[in-house]
Amino acid sequence: MQLPNPVALATPFFIVLVVVEMIYARLSGRGRFEPRDTAASLLMEFGNLVIGALFAFLFLAMANTLLPFRVTDLGRSWIAIAACFVLDDFLYYWWHRASHRVRWLWADHVNHHSSQHYNLSTALRQSWGGQFTPGLFFRAPLVLLGFPVPTIVFVRGLNLVYQFWIHTEAIGRLPRVVEAVMNTPSHHRVHHAVNPEYLDANYAGVFIVWDRMFGTFVAERADEQPHYGIVSNIATFNVFKVASHEWVSMAADLWNAKSVREFLLYVFAPPGWSPDGSRETTDCLKANWASFRARPITGAIARPRPGVTSSEA
Amino acid sequence: MDPLYLAGSLAGVAMLVALSAVLFGTRGRIATAESVQTCLALLTPGFQAREIALARDGRAALALNDADDRVHLVVARGDSFAVRRLSPRLVRAVARDGATLSLRLADFTLPRAELCLPDAESASLWERRIREDMR
């Protein structure tokens, strides 16, 4: 059984759907596009495809190294493909969670989050450096369990195709049963949001049940509109800078590390970690927010201060 | 990879960007005191600007947090804003030429920022605040 490349097959539909979403967003006001941001996102996808093709041998080399150690051969039946799809999504959850909690992985994954827009072009804003992170090894269990390599590649492609349509503000909430089991636009908007209440949540690829099981699920609230991007938003549309900004930042930190411990923590600690605590991790941001919310409400907090002066020209 | 596939992909990118420009325009966002306060409050819980200085072109602003006297820089990027707290670690140099304030930052995507403030007096005040923050 020859398995197709789901992403290649879906690409024309991606383009059509982006056009449809743009027109719908313009007419309805549900969603925003910024041409330079759209260009950056789409060129990130282009670079991802080229680099992915050039370095595909790395995954194949890892798989070939592990093949002699697999426990069985599960073959290519549809049941095996379905089981591989579910297990791949489970491993994706853990890769994705680690990608938000380990700076080495975040240096790569941050690119997907660096747009302040949330539309279908954001889905295509894929990073260029995944092959240079330990992320590759999250798929090793599938090889060791005995799933054929083409099946693993196929289900990964299906997973990516599924995740395309959830990057939109055009779709509100879906029926309760769908929201309970599947990753949806509503759940994924929370994942892309920088609101303190929404940080580090909803890591699922296809099945939101993983977040519900492992305590990372946060529901979108009607009274808390998501704001998208990263906590320190990048100030460029230059696609090379978009792709490399966190790698450059991490390299500078590693260069200035004063001990092996510092070096290792710059690599493996959560993004925002610093030896003197002068920067903020998402845990700090959430804690600050929680303590702010716990303060007694005085009335002065919510209202703009009358004393604010503006030297607007 | 098939060169035709690559060329087709790039043509698709160009078409989508052009359509986006036609439908949504290319005018960048202009900062107002309200938008600056809103975007700073989003990331700094309880942020309350004691004073905000908008650049004449509306593409950047400086804001002083009432709680800790820290200066924050807000820079328009397309239709959105990028925000930086001007910490000693971030600011490499600050210079003023009349009403124009120039900042050099240790930031890969925002290495420098230039703000033409309404007058030299205002620029001088903000320059002093940033220098004090750098100590």
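Proteins get letters first, then strands, A, B, ... in listed order; numbering begins at 1 in each.
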Is it true that the NZ or CZ of B/Arg129 lies under 6.0 Å from the centre of B/Trp126's six-membered ring and within 45 degrees of the ring axis?
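Yes, B/Arg129 sits over the ring of B/Trp126.
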Please rank B/Leu23, B/Asp57, B/Val17 by heavy-atom pairs under 4.5 Å with chain A and give me the top one.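 With the most close heavy-atom pairs to chain A, the winner is B/Leu23.
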### Query
Most heavy-atom pairs under 4.5 angstrom with chain A, which of B/Leu19, B/Val75, B/Leu16?
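Most pairs with chain A among the choices: B/Leu16.
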Top residue by heavy-atom pair count (under 4.5 Å) with chain B, among [options]?
options	result
A/Ala39, A/Ala53, A/Ala235	A/Ala235
A/Val248, A/Ile234, A/Thr38	A/Ile234
A/Asn238, A/Asp37, A/Val19	A/Val19

Between A/Glu262 and A/Lys258, which heavy-atom pair has the shortest distance, and what is it?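 In terms of heavy atoms, the two residues are closest at OE1-N, 2.9 Å.
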| request: State, to 0.1 Å, how close B/His72 and B/Thr44 come at their nearest heavy-atom pair, and which atoms those are. | output: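 Reported closest heavy-atom pair: CE1-OG1, 4.2 Å.
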Where on [X] is there a heavy atom nearer than 4.5 Å to chain B: the side chain, the backbone, both, or neither?
X	answer
A/Phe33	both
A/Val242	neither
A/Arg36	side chain
A/Val194	both
A/Leu49	both
A/Ser232	both
A/Asn119	neither
A/Ala25	both
A/Thr11	side chain
A/Ile23	both

Taking the six-membered ring for Trp and the full ring for Phe, Tyr or His, determine whether the centres of A/Phe132 and A/Phe55 are under 6.0 Å apart.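 Distance test on ring centres: under 6.0 Å, yes.
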- Item | Validation row, ring centre A/Tyr118 to ring centre A/His192 under 6.0 Å |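 Centroid separation for A/Tyr118 and A/His192: below 6.0 Å.
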Measure the acute angle between the ring planes of A/Phe292 and A/Trp289, then classify it against the limits of 30° and 60° as parallel, tilted or perpendicular.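 Rings of A/Phe292 and A/Trp289: tilted, as their planes differ by 30° to 60°.
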Checklist line | Salt bridge flag under 4.0 Å for residues A/Arg279 and A/Asp253 | finding: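 Yes, this pair counts.
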Count the heavy atoms belonging to other residues, nucleotides or ligands that lie under 6.0 Å from CZ of A/Phe57, then report whether that count exceeds 12.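 Yes - once you tally the heavy atoms of other residues, nucleotides and ligands closer than 6.0 Å, there are more than 12.
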Handout entry: Greater than 12 external heavy atoms within 6.0 Å of A/Arg26's CZ
Key =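 It does not: A/Arg26 CZ has 12 such atoms or fewer within range.
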Indicate whether the side chain of A/His191 and that of A/His167 have a donor and an acceptor atom separated by less than 3.5 Å.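 Their side chains do not contain a donor-acceptor pair, so the 3.5 Å distance test is not met.
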Rounded at 0.5 Å granularity, tell me how far OH in A/Tyr228 sits from OG in B/Ser80.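 The OH atom of A/Tyr228 sits 12.0 Å away from the OG atom of B/Ser80.
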So what's closer than 4.5 Å to chain A heavy atoms on B/Leu6: side chain, backbone, both or neither?
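Interface part for B/Leu6: both.
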* Asked: By a 4.5 Å heavy-atom criterion (distance strictly below it), what part of B/Phe81 contacts chain A: side chain, backbone, both, or neither?
  ->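 The answer is the backbone of B/Phe81.
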